[in-house]
Amino acid sequence: MQATQLSVSDLNNPGVSWGAVLAGAAAAAALSFILLILGVGLGLSSVSPWSFNATAIGVSTIAWLAFMQLAASGIGGYMAGRLRVKWSSIHTDEVHFRDTAHGLLAWAVATLITVAVLAGGTRAVLSGAIDAGSGVAAAVSPAAAAGAGVAASKAGEGGSAVNPLDYFSDMLLRAAPAPAPAAVSGAPMPASAGVTLADQRVEIGKIFATGLSTGSLAADDRAYLGQVVASRTGLTQAEAEARVDAVYGRAAKAAADAKASAQQAADTARKAGAHTALWMFVALLLGAFVASLAATVGGRQRDHERVLRHVTI
């Protein structure tokens, strides 16, 4: 076997042709973008225009992602291998390794460019899990949601924001409701002096919000709400407390249903996000392999004699 003598310049030359790598990456990124636009036009996009995406990508979308990676990575890798400089004094195995590295580098640069351009689309794909997590937090804390609603109503009326300690302040300042005067049964009674219906609604809302957050309605709160209902509706204390229990039970059931629905939506979105991420990983891995393989094909054709034009003087 005859050994090849390498010069100092051959040993010191860089093994990467960055011009070819960047050219292949630009071609791959541009083709990926074009194919993505085509997929959107064909209805194969996994990105919904709505803020909540809890549905896993379908078979057609998976196939389109794989085709995008095959086409874009193949073209980019081939160009990176075909456009690199000719290594005339390098062993064939080393040339093969460098061509593979050129394809992999072109794929990596193209992937980074595509991710930077499509960062908003990635956020839209994964927004289902993010938004569902927010829904769970809101459902788990009905007191916070109720307090936000009261604060918004007070702000709309020009009032100040509600303090979470207002419930305990109101407890200290509670006045006994005025006794219900004799009247026709079923007719609404006037409220206590100086207390408007809006004020009573705000106070009742805070009491219910606190009860829902703790899991039960305190006995003194139940008795107080019964007095308020009795003074306004003309019901007896027992009937008013029974109505308080019925309404509180419905409110607690609604809060529990909202929490369960939000948790189910979050779990569905999590599974959809995991499914999407898994197939994206497979498609990207396939693209890396195809880019490296195509670069070796382009490199061999670059070194072939037919690529060089023989000039006779």
Side-chain angles (χ1 to χ4, degrees), residues 14-47 56-87 90-126 272-308:
V16 179
S17 298
W18 282 108
V21 170
L22 294 178
L31 185 57
S32 294
F33 182 75
I34 293 173
L35 291 177
L36 176 63
I37 296 301
L38 178 61
V40 173
L42 296 177
L44 300 176
S45 174
S46 62
V47 180
I57 59 176
V59 177
S60 59
T61 304
I62 294 173
W64 188 254
L65 286 174
F67 173 73
M68 282 176 53
Q69 282 296 311
L70 283 173
S73 300
I75 293 297
Y78 179 82
M79 292 186 65
R82 187 69 180 264
L83 297 179
R84 52 91 172 161
V85 298
K86 180 178 176 62
W87 300 301
I90 305 299
H91 193 275
T92 305
D93 294 340
E94 178 65 17
V95 171
H96 182 78
F97 171 79
R98 291 187 181 185
D99 285 336
T100 304
H102 275 67
L104 185 62
L105 287 174
W107 167 83
V109 175
T111 301
L112 293 178
I113 295 174
T114 305
V115 169
V117 173
L118 301 179
T122 303
R123 167 62 175 81
V125 171
L126 300 179
H275 180 79
T276 302
L278 178 61
W279 282 109
M280 283 185 174
F281 165 77
V282 173
L284 289 173
L285 198 63
L286 179 64
F289 173 76
V290 170
S292 301
L293 180 63
T296 61
V297 174
R300 283 199 301 267
Q301 292 186 357
R302 165 66 178 82
D303 294 337
H304 200 275
E305 293 182 358
R306 288 180 299 177
V307 176
L308 302 177

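All residue numbers in this chain count up from 1 along the given sequence.
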Next on the checklist: Classify the ring geometry of F67 against W64: parallel below 30°, tilted from 30° to 60°, perpendicular beyond 60°.
Outcome noted: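 Geometry flag for W64 against F67: tilted rings.
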Checklist entry - Counting heavy atoms not belonging to I75, are there more than 12 under 6.0 Å from its CD1? => result no
Working to the nearest 0.5 Å, report the span between [atom1] of [X] and [atom2] of [Y].
X    : Y    : atom1 : atom2 : answer
Q69  : M280 : CD    : CE    : 10.0 Å
L83  : L22  : CG    : CG    : 11.5 Å
T61  : M68  : OG1   : CE    : 11.0 Å
Q301 : T296 : CD    : OG1   : 10.0 Å

Checklist entry - Does the side chain of R84 reach to within under 4.5 Å of the side chain of D99, using non-hydrogen atoms? => result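 A side-chain contact exists here, since the closest heavy-atom pair is under 4.5 Å.
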Next on the checklist: When you compare the side chain of F281 with that of L285, does any pair of heavy atoms fall below 4.5 Å?
Outcome noted: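 Yes, side chains in contact.
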Next on the checklist: Keeping H102 on the side-chain end and R98 on the backbone end, is there a donor-acceptor pair under 3.5 Å?
Outcome noted: yes
Checklist entry - With distance as the sole test, does S73 use its side chain to make a donor-acceptor pair with the main-chain N or O of L70 at under 3.5 Å? => result no
Next on the checklist: Suppose we screen for side chain to side chain contact (heavy atoms under 4.5 Å, CB included). Which residues come up paired with V85, at least two apart in sequence or across chains?
Outcome noted: S17, W87
Item to check | Set of residues satisfying side chain to side chain contact (heavy atoms under 4.5 Å, CB included) with respect to S292, sequence neighbours excluded | outcome: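 Testing S292 for side chain to side chain contact (heavy atoms under 4.5 Å, CB included), a comparison that skips the adjacent residues, returns T100, L104.
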Mind listing the closest non-hydrogen atom pair of [X] and [Y] along with its distance?
X    : Y    : result
A25  : A106 : CB-O, 3.5 Å
A28  : G76  : CB-CA, 4.0 Å
A291 : W107 : CB-CB, 3.7 Å

Next on the checklist: Test side-chain contact (heavy atoms from CB on, under 4.5 Å) on T111 and V115; report intermediate values, then the result.
Outcome noted: CA-CA 6 Å; T111 301; V115 169; 4.3 Å; yes
Checklist entry - When you look at V290 and L293, which way does the side-chain contact (heavy atoms from CB on, under 4.5 Å) test go after all the steps? => result CA-CA 5 Å; V290 170; L293 180 63; 5.7 Å; no
Return all side-chain donor-acceptor pairs below 3.5 angstrom for residues 33-43, not counting sequence neighbours, or 'none' if the list is empty.
none

